[in-house]
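First comes the structure, then the notes that go with it.
Predicted, not measured: the structure shown is a model, and the values here were computed from it.
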Amino acid sequence: MIHIKRSVAILLALCCTSLNAGPAPWYKWRSKIDNYLSCSQTPLGPGWVKDSGPYKDSRCEKLVLAK
């Protein structure tokens, strides 16, 4: 019985920590070839460099304020 309660407590603790996760930030990426800007949460490949960010939205308009 003690093992079941301990297992349930661990499972609940793990679930609660996952609820604190937020969305991934967005970044502006610049093409090395033609300087085209794109907004993405992940790197676009070896031909791209991170230009600015992080942003809150997918249009890269709302900057994330440092805490």
message: My understanding is that only residues two or more places apart in sequence, or in another chain, count here; which of them pass side-chain hydrogen bond (donor to acceptor under 3.5 Å, both in side chains) with Y55?
response: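 Y55 satisfies side-chain hydrogen bond (donor to acceptor under 3.5 Å, both in side chains) with S52 once adjacent residues are dropped.
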message: If hydrophobic residues (ILVMFWY) are linked whenever their side-chain heavy atoms come closer than 4.5 Å, directly or via other members, who joins L37 in its cluster?
response: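 Reading the cluster by chain and number, L37 sits alone, since nothing else belongs.
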message: Please enumerate all residues that pass side chain to side chain contact (heavy atoms under 4.5 Å, CB included) together with P43, with sequence neighbours excluded.
response: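 Testing P43 for side chain to side chain contact (heavy atoms under 4.5 Å, CB included), a comparison that skips the adjacent residues, returns W29.
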Qualifying salt bridge (Lys or Arg N to Asp or Glu O under 4.0 Å) pairs with a residue from residues 29-52, counting only residues at least two apart or across chains: R30-D51
field: Pairwise salt bridge (Lys or Arg N to Asp or Glu O under 4.0 Å) hits with a residue in residues 52-61, at least two apart
entry: R59-E61
field: Shortest non-hydrogen contact between P54 and P25, atoms and distance
entry: CB-CB, 3.5 Å
field: Same apolar cluster: L44 and I33, side chain cutoff 4.5 Å
entry: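 Different clusters.
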- request: May I have all residue pairs that pass side chain to side chain donor-acceptor pair (under 3.5 Å) and include part of residues 39-48, sequence neighbours excluded?
  value: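 For residues 39-48: none.
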